[in-house]
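Report on one structure; see the data block that follows.
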2 protein chains.
Amino acid sequence: MSLEFNDSQPIYRQLRDRVIAMILDGVLKEGDPLPSVRNVAAEFRVNPLTVLKSYQQLVDEKLVESRRGLGMFINAGARDLLLQGERQKFLQEEWPRISANIQRLGLTPDELLKAAKGVKKP
Amino acid sequence: MSLEFNDSQPIYRQLRDRVIAMILDGVLKEGDPLPSVRNVAAEFRVNPLTVLKSYQQLVDEKLVESRRGLGMFINAGARDLLLQGERQKFLQEEWPRISANIQRLGLTPDELLKAAKGVKKP
DNA sequence: TGTAGTGTTATAGTTAACTATAACAGCTAG
DNA sequence: CTAGCTGTTATAGTTAACTATAACACTACA
């Protein structure tokens, strides 16, 4: 595992997004523990405080709960909360800028499909 | 004019993106001068050095040329350079993450169209 | 010539993000 | 109780981004 980081956003926000993706993808289910602060820090060769900061964001968003001595756990209802919140956030704050960009660059649906994450038929 | 800034990226990069958008949109054509460092700084209530930094990025990318005492001017071929470079950059570095996100959130083409920048038929 | 507009550099200070290192606090399995 | 895993806090230092203020260098134009 080496998943690199983008310099377009602070690491702690990228870590947060990664957990959120895992929840939405069902990799992490409600009640599951997050990978421990120290483990993640070691895995990505990052400072434990940076990981902690990303996890505390998730706590602030009511998505996970922290139990001292035990770990951080995904709250009940976290996925639903996300499907509401993140959808709105994406549609209102990110997508308008992105779609404007796509038009500007004259990108076609075909090109976009080919460049999408998982190419359906290789 | 008050166009606000996003906290997801440094201001100087957002300013750079704004100029690039203007070039792609044809608002700024080759040979045209960019709005002056001081003007932009005043307009967005931002430090002149921040604006300068964004402009110097554009110089590094061979998109504009600086003539001391005169201003900064858009290079010949800038638009073509962009249509090549930015397309690749977008398709390779941004779009995969974005399309994964769209799938994850279960967003439909219909919702995306409605939320796009310019709503075609209101 | 001088003035007003350009880009550019210098100095210096604040804040946020990240880092290293270490210790503290709580839980559980042996 | 101890060892080993959790989260958490403390201290302190580096770097990038941004800010304020000022001066310098160059060009066009009246």
Side-chain angles (χ1 to χ4, degrees), chain A residues 2-20 22-23 28-75 78, chain B residues 2-20 22-23 28-75 78:
Chain A
S2 70
L3 184 24
E4 251 91 54
F5 293 104
N6 206 322
D7 67 336
S8 72
Q9 255 189 320
I11 294 176
Y12 76 93
R13 234 179 289 178
Q14 293 182 52
L15 285 172
R16 170 199 167 273
D17 289 346
R18 187 171 165 273
V19 173
I20 284 180
M22 289 198 290
I23 295 176
L28 289 176
K29 299 185 200 311
E30 317 194 340
D32 285 357
L34 300 189
S36 90
V37 168
R38 284 175 178 83
N39 276 355
V40 175
E43 178 177 356
F44 297 113
R45 316 195 65 192
V46 141
N47 195 286
L49 287 187
T50 305
V51 181
L52 182 63
K53 185 169 185 178
S54 75
Y55 278 13
Q56 278 173 338
Q57 289 233 322
L58 296 167
V59 173
D60 291 344
E61 297 176 66
K62 316 280 190 199
L63 292 171
V64 314
E65 193 187 48
S66 156
R67 288 186 235 156
R68 204 184 185 117
L70 286 175
M72 319 256 317
F73 298 84
I74 303 195
N75 277 338
Chain B
S2 70
L3 184 23
E4 251 91 54
F5 293 104
N6 206 323
D7 66 336
S8 73
Q9 256 189 320
I11 293 176
Y12 76 92
R13 234 178 289 178
Q14 293 182 53
L15 285 173
R16 170 198 167 274
D17 289 346
R18 188 171 164 272
V19 173
I20 284 179
M22 289 198 290
I23 294 177
L28 289 176
K29 299 186 200 311
E30 316 194 340
D32 285 357
L34 300 190
S36 90
V37 168
R38 283 175 179 82
N39 277 354
V40 175
E43 178 178 355
F44 296 114
R45 317 195 65 193
V46 141
N47 195 286
L49 287 186
T50 304
V51 181
L52 182 62
K53 186 168 184 178
S54 75
Y55 278 14
Q56 278 174 339
Q57 289 232 322
L58 295 168
V59 173
D60 291 343
E61 297 176 67
K62 315 279 190 198
L63 293 171
V64 315
E65 192 186 49
S66 156
R67 287 187 236 154
R68 202 184 185 117
L70 287 175
M72 319 257 314
F73 298 85
I74 303 197
N75 277 338

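Side chains included, hydrogens not; waters and symmetry mates left out as well; all remaining heavy atoms used. Letters go in sequence order (proteins before strands), and every chain restarts at 1.
For D:dC5, the OP1/OP2 oxygens have no side-chain nitrogen or oxygen of A:Asn39 closer than 4.0 Å.
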Does the side chain to side chain contact (heavy atoms under 4.5 Å, CB included) test come out yes or no for A:Leu58 and A:Arg16, once each step is laid out? CA-CA 7 Å; A:Leu58 296 167; A:Arg16 170 199 167 273; 3.8 Å; yes
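In this structure, A:Asp7 atom CG and C:dA17 atom P are separated by 15 Å, rounded to whole Å. Rounded to whole Å, the distance from CD on A:Gln56 to P on D:dT6 is 17 Å. Look at OH on A:Tyr55: it is 17 Å from P on D:dT9, rounded to the nearest Å. Atom CG of A:Leu34 and atom P of D:dT6 are 12 Å apart (whole Å).
Residue side chain B:Arg38 does not reach the base of C:dG5 through any donor-acceptor N/O pair under 3.5 Å, judged by distance alone.
Annotation for A:Leu49 and A:Asn47: closest pair N-OD1, 2.8 Å, computed over non-hydrogen atoms. The nearest pair of heavy atoms linking A:Gln9 to B:Ser8 is CG-O, 3.7 Å. Nearest heavy-atom pair across A:Val46 and A:Phe5 is CG2-CE1, 4.1 Å. The heavy-atom pair separating B:Tyr12 from B:Ser54 by the smallest distance is O-CB, 3.0 Å.
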Polar atom pairs between nucleotides 18-21 of chain D and protein, under 3.5 Å, N or O only, would you list them?
unit_1, atom_1, unit_2, atom_2, d
D:dC18, OP1, B:Ile11, N, 2.4
D:dT19, OP2, B:Asn47, N, 3.2
D:dT19, OP2, B:Thr50, OG1, 2.9
D:dA20, N7, B:Asn47, ND2, 2.9

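In this structure a side-chain-to-backbone donor-acceptor pair under 3.5 Å is missing from A:Gln57 to A:Arg13.
Taken residue by residue, residues 58-70 of chain B places heavy atoms nearer than 4.0 Å to DNA chain C at B:Ser66, B:Arg68, B:Gly69, B:Leu70.
We find the CE-CG distance between A:Met22 and A:Asp32 to be 10.5 Å, quoted to the nearest 0.5 Å. One finds the CZ atom of B:Arg18 at 3.5 Å from the CZ atom of B:Phe44 (value rounded to the nearest 0.5 Å).
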